[in-house]
Number of protein chains: 2
Amino acid sequence: MKMKINIYDVARIANVSTATVSRVLNNKSNVSPETRHKVQEAIKKLNYRPSAIARGLVLKHTKTVGILATDITSPNYARTACAMERELFHIGYNAILCNTGGSIENNKAYLQMLVNQGVCGIICIGSVFKNTLQETLMLSEFSHIPFVLSHCQIPADNTYSVVINEKHGIRLCVEHLLEKGHRDILYVKDADTYSGERKKSAFRENMARLDLPINDKTIFNTYRSFEGGIAVVKDILASGTKFSAIIFGDDITAAGGLFALKKAGYKIPEDVAIIGYNNSPASICCDPQLTTVDNKTDIMGNLSVKLLQTVLEKKETTRLLTVTPELVIREST
Amino acid sequence: MKMKINIYDVARIANVSTATVSRVLNNKSNVSPETRHKVQEAIKKLNYRPSAIARGLVLKHTKTVGILATDITSPNYARTACAMERELFHIGYNAILCNTGGSIENNKAYLQMLVNQGVCGIICIGSVFKNTLQETLMLSEFSHIPFVLSHCQIPADNTYSVVINEKHGIRLCVEHLLEKGHRDILYVKDADTYSGERKKSAFRENMARLDLPINDKTIFNTYRSFEGGIAVVKDILASGTKFSAIIFGDDITAAGGLFALKKAGYKIPEDVAIIGYNNSPASICCDPQLTTVDNKTDIMGNLSVKLLQTVLEKKETTRLLTVTPELVIREST
DNA sequence: TACTTTTATGTAAGCGTTTCCTCTCTCTTA
DNA sequence: TAAGAGAGAGGAAACGCTTACATAAAAGTA
């Protein structure tokens, strides 16, 4: 019993050579309409599907791209990864998912694995990758394959970036709070990533630009989680800093902060206004619902794929795409 | 300039045949220790990595498995998919991610694509697949590859299942509420899936078993979302049904319900107790925090992969694994 | 009409592995 | 000492495709 139909079977049935079958398969010219039709009939009759593996072997690459993420459990990354995969499938590619967990060794192992699999491109989600990639990408074994970096930039010939304008996101927050009459605004940084750093400095700049008070007691640090939010509010209250609004680096941290502030007797938004970041599902479940910044992560995913596509088609393209976040105003401000 | 090192290069440097290199690569016997060592040195020296594609061609399959999900944007699925991918990588496989969006055509297209890619197994997350798969899997083109179904069962030779005991999950909810003194318990079904159906009937059974009132006004329907939760609470209040507790099919729906009840002047949990389902990040952000059921989705992911692995190794194995959910008691009850 | 060009098709090599088969050499054993 | 067994290694085919090259027929050109 024959396991799988191959191109020879089709050639035999259609009474042509395998070269011809291959030509119709790949929509090459130089095939007469009648022959083309004959071949297509044979394909249909046999229900033939070309083996992506065999094709990959001769072409030295497959229509596959690797998606490297630290952890798609995080809602933003999940949204991005999902959008990417959809778009990839739509244009005939498929996606190998890699959750590196942020470890450098894993990262390298994954990259290695991806090139062995013959991926034609790699997309990285998240700014954590900057560290690893910076050095790794210089290695010759990766230099031939294009990288699209979502959320970070690296000066290497084979990298392209899609970034979010965090500066603008923070600016929207600060200006919104100012409009609402707040002047004593705090910022909570909850991640040691490049993106976290950029948001923090954007906060500084905007506060300075608008002549709002800014010093070493207006920025607090914690870790991204509900508990991290609770902890930082404790710090804030203990510090005795004067404040009427807090911007958090992420919704989940904001949710924890909100929780703690309410427990401490503050009314939100009357006593203190709160803004989260990332517009995650949780932000809507808070009471009051969180004002937050939507990072358009799905759009970033789509754009990343489209960028990669134009690179793969060897078309002229820009190396950097910037998307603009939006403020989602809800009850907490 | 040579693009990539191949097995011939290694053979040449080690002064052996490619057959021998292949044997050490695959840890076959019949290689003398000295030869093995020579080859390993050559591999290290050249930094050689065998091509997964070429290997795939001769083996007719790659160390790749497809993960079919409707939408990994949903926190549970993301958690499962993430756990699966981690475990797969750990045992040397990689994962092709597929977000079908629930459409039957997509589903078939994805399956087709996966077999063309030579995956050695497919894991499906979610009970939606039952419909499509039931018929599709009978097709001979899929019969040779093993399927692991997370969340559903299908009577086909090449399928294996990992399911969650929803019955038990619901039982925990009802008994917990009964302990708290509730008798008038409502159930909100928010998904037309097999799993949704099972939870609903489990609710019926448990209410009956415990002699609690159950009729056509104790079960309500809506769609899974914050808004769906708001809408169903409106329905419930309009129906005039007597109730002191509500179990929702999902946290996000519960969050919407909670929101609506508070707006309507109910105190939670004093006036009415609420239980969600799935232990999603959002459940912790609600005020009061939601009591919910943890589906152990990461464990399900791990088990799915392990099940697949034993199948691939042709070892004897059970066709069905059941995991037991846990009640997470928080403030809303 | 005789030529060049274009179009349609076939032949066969090659992509990088694995593995079956063969061969040689050494070690047993009668 | 000769035959047989077993271990270690190599030769070469096979996996299913693409494509450079070759060839033949058709079409265009003068």
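These numbers come from a predicted model, not from an experiment. Numbered from 1 within each chain, the chains take letters A, B, ... in sequence-line order.
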Rounded off to whole Å, could you give me the [atom1]-to-[atom2] distance for the [X] and [N] pair?
X: A:Ile53; N: C:dG16; atom1: CD1; atom2: C1'; result: 13 Å
X: B:His61; N: C:dT17; atom1: NE2; atom2: P; result: 16 Å
X: B:Lys63; N: C:dT18; atom1: NZ; atom2: P; result: 12 Å
X: B:Asn15; N: D:dG10; atom1: CG; atom2: C1'; result: 12 Å
X: B:Asn27; N: C:dT18; atom1: CG; atom2: P; result: 12 Å
X: A:Leu57; N: D:dG16; atom1: CG; atom2: C1'; result: 9 Å
X: B:Asn30; N: C:dT24; atom1: CG; atom2: P; result: 18 Å
X: B:Lys60; N: D:dA14; atom1: NZ; atom2: C1'; result: 10 Å

- request: Let me have a per-nucleotide readout for nucleotides 17-23 of chain D, 5' to 3', with B, S or -, counting only protein heavy atoms under 4.0 Å.
  value: BBB----
Got a sec, which residues hit side-chain contact (heavy atoms from CB on, under 4.5 Å) with [X], two or more places apart in sequence or on another chain?
X: B:Ser161; answer: B:Leu149, B:Gln153, B:Val163, B:Leu320
X: B:Ser32; answer: B:Glu34, B:Thr35
X: B:Lys306; answer: B:Glu87

query: Any idea which heavy atoms bring B:Ile53 and A:Gly118 closest together, and the distance?
result: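 Looks like CD1-CA, 3.9 Å.
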task: Indicate the atoms forming the closest heavy-atom contact of B:Tyr110 with A:Glu85, along with that distance.
output: OH-OE2, 2.6 Å
query: Name the one of B:Asn99, B:Ile125, B:Asn107 that satisfies side-chain contact (heavy atoms from CB on, under 4.5 Å) with B:Leu68?
result: B:Asn107
- prompt: Is B:Ser32 near enough to D:dA9 that one of its side-chain N or O atoms lies under 4.0 angstrom from OP1 or OP2?
  reply: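 Looking at the OP1 and OP2 atoms of D:dA9, one of them is under 4.0 Å from a side-chain N or O of B:Ser32.
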Could you list the donor-acceptor pairs under 3.5 angstrom formed between side-chain atoms of residues 89-98 of chain B and any protein atom two or more places apart in sequence or on another chain?
residue, atom, partner, partner atom, Å
B:Asn94, OD1, B:Thr64, OG1, 2.9

- request: Please list, by residue number, the residues of residues 40-47 of chain B whose heavy atoms come closer than 4.0 Å to an atom of DNA chain D; answer none if no residue qualifies.
  value: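 Here the set is empty: none.
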message: Is it true that, when you exclude A:Asp157 itself, more than 12 heavy atoms of the residues, nucleotides or ligands shown sit nearer than 6.0 Å to its CG?
response: no
task: Please step through side chain to side chain donor-acceptor pair (under 3.5 Å) for the pair A:Thr297 and A:Asn295, ending with a clear verdict.
output: CA-CA 5 Å; A:Thr297 42; A:Asn295 260 346; over 6 Å; no
